[in-house]
*Asks:* 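Got a structure here, written out as structure tokens. Questions coming.
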Amino acid sequence: MVRYALIGGTGVYDPAILTGLREEQVSTPYGDVRVKVGTYRGKEVAFLARHGEKHSVPPHRINYRANIWALKRLGVERIIATTAVGSLNLDMRPGDFVFCDQFLDFTKGRPSTFFEGGPEGVVHVDFTEPYCPELRGVLAEAAKTLGLGFHREGTYVCTEGPRFETPAEIKAYQRLGGDVVGMTGVPEVVLAHEAGICYSTVSMVTNFAAGISPQPLTHEEVLEVMAQNAERLRRLAMLALDN
Ligand code: HPA
């Protein structure tokens, strides 16, 4: 049984910590998904590159429902999902990890639920605690042990993308209580929560958001900071999987 999954976001395309990798094609009502499965210290762990291995799928075109359905079918109970984020909070600096506990959803028109009515009826799921507190705790302890800069809490603002935000949008999100901004956290967390999977993001701050940073933002800059922090991210995932 595969109980753990890693979802790799921008800059994380390679399940390097896993051995004996095989690829599984999982059929879902939303399309087929290819998932890599390997072993880490005797545990079977699934790996999915959210944007595809060549970073060819933009945030608004990701088949979030198929991805989460496929992991559920494999038996996954815990997901650690990496996301590159911009920071709206001056205390959350490039290179810091944020284990978000809340989100604000500014996506538009993404299929974002498994519950579409019909014979199952209408389902409303409680979202008081969208991210898994237990897994967030495990990640925070691991980050502490490794001496990483991290934040146990944070509000993730999810935008539709693929463009970056305007400074006016960033100012508005700050006033609403947002801490970091990204384009992929929702509906992934929503679907995982609906599926009853314990899900936590490892948000890696790659930049200060538009209007806070003095220069225009580029995707290359985001990739560069992710690459600089790849080793720390790998060590964090390894320690968290040990729990
Ligand atoms: N905005 C949205 N997504 C991002 C950012 C940002 O500033 N940085 C990394 N991903």
Side-chain angles (χ1 to χ4, degrees), residues 7-14 48-64 67 80-110 112 131 143 148-190 200-234 236-237:
I7 298 181
T10 296
V12 184
Y13 312 111
D14 177 14
L48 252 182
R50 188 189 285 122
H51 297 278
E53 277 159 42
K54 303 212 161 81
H55 202 108
S56 55
V57 189
H60 62 295
R61 304 291 302 267
I62 292 167
N63 194 342
Y64 296 97
N67 287 351
I80 297 173
T82 73
T83 52
V85 292
S87 174
L88 325 181
N89 178 335
L90 294 180
D91 290 336
M92 297 181 180
R93 310 185 59 77
D96 285 1
F97 292 94
V98 188
F99 308 120
C100 295
D101 65 325
Q102 290 291 316
F103 68 77
L104 291 166
D105 180 11
F106 287 94
T107 63
K108 302 166 191 168
R110 298 182 185 183
S112 60
Y131 299 93
L148 306 176
F150 74 97
H151 305 268
R152 283 176 192 274
E153 291 169 356
T155 296
Y156 179 103
V157 178
C158 195
T159 64
E160 181 65 12
R163 67 169 177 83
F164 288 120
E165 303 72 35
T166 65
E169 286 170 326
I170 293 300
K171 226 182 258 175
Y173 299 147
Q174 274 176 322
R175 288 192 185 149
L176 292 173
D179 293 303
V180 292
V181 62
M183 302 176 194
T184 55
V186 182
E188 200 170 84
V189 58
V190 175
S200 177
T201 85
V202 173
S203 288
M204 154 68 56
V205 178
T206 54
N207 56 281
F208 281 115
I212 301 175
S213 165
Q215 72 262 21
L217 181 57
T218 65
H219 184 56
E220 287 64 38
E221 174 187 347
V222 171
L223 286 175
E224 203 178 301
V225 179
M226 286 306 292
Q228 283 161 11
N229 287 285
E231 179 57 23
R232 296 196 301 148
L233 198 53
R234 203 168 66 86
L236 180 69

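All values below were derived from every heavy atom in this structure, side-chain atoms included, with hydrogens, water molecules and symmetry-related copies excluded.
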*Asks:* So, the side chain of His51 versus the backbone of Val57: is there a donor-acceptor pair under 3.5 Å, distance only?
*Replies:* yes

*Asks:* Under 3.5 Å, side chain of Ser87 to main-chain N/O of Met92, donor-acceptor pair present?
*Replies:* yes

*Asks:* Please test Phe150 against Leu236 for side chain to side chain contact (heavy atoms under 4.5 Å, CB included), starting from the C-alpha separation and ending with a verdict.
*Replies:* CA-CA 11 Å; Phe150 74 97; Leu236 180 69; over 6 Å; no

*Asks:* With rounding to the nearest 0.5 angstrom, report the CZ to NE2 distance, Arg163 to His60.
*Replies:* 12.0 Å

*Asks:* Strictly distance-based, threshold 3.5 Å: is any side-chain N or O of Arg232 a donor or acceptor partner for the main-chain N or O of Gly95?
*Replies:* yes

*Asks:* Where is the tightest heavy-atom contact between Ser213 and Phe208, given as atom of each residue plus distance?
*Replies:* CB-O, 3.3 Å

*Asks:* Kindly write out the residues that satisfy side chain to side chain donor-acceptor pair (under 3.5 Å) with Glu160, not counting sequence neighbours, or none if the list is empty.
*Replies:* Arg110

*Asks:* So, do Tyr156 and Val98 sit near enough that their side-chain heavy atoms are less than 4.5 Å apart?
*Replies:* no

*Asks:* Go through the steps to decide whether Leu104 and Phe106 satisfy the test side chain to side chain contact (heavy atoms under 4.5 Å, CB included), and finish with yes or no.
*Replies:* CA-CA 7 Å; Leu104 291 166; Phe106 287 94; 3.9 Å; yes

*Asks:* Which word best sums up how the rings of Phe103 and Tyr131 line up, parallel for under 30°, tilted for 30 to 60°, or perpendicular for over 60°?
*Replies:* perpendicular

*Asks:* In the structure I gave you, are the side-chain heavy atoms of Phe99 and Arg152 within less than 4.5 Å of one another anywhere?
*Replies:* no

*Asks:* Return the set of residues passing side chain to side chain donor-acceptor pair (under 3.5 Å) with Asn89 (not counting sequence neighbours), or none when no residue passes.
*Replies:* Asp179

*Asks:* Quick one: do Lys171 and Glu165 make a salt bridge, cutoff under 4.0 Å?
*Replies:* no

*Asks:* Test of understanding: with side chain to side chain donor-acceptor pair (under 3.5 Å), list the residues that count as partners of Asp105, not counting sequence neighbours.
*Replies:* Thr107

*Asks:* Distance-only, no hydrogens or angles: does the Gln174 side chain make a donor-acceptor pair with backbone N or O of Leu88 under 3.5 Å?
*Replies:* yes

*Asks:* Quick check on side chain to side chain contact (heavy atoms under 4.5 Å, CB included): which of Leu233, Thr10, Thr201, Ile7 does Thr82 satisfy it with?
*Replies:* Leu233

*Asks:* Between Phe164 and Thr218, what is the shortest heavy-atom contact and its length?
*Replies:* CE1-C, 4.1 Å

*Asks:* Identify the two heavy atoms, one from Thr206 and one from Met226, that lie closest to each other, and give their separation to 0.1 Å.
*Replies:* CG2-SD, 3.7 Å

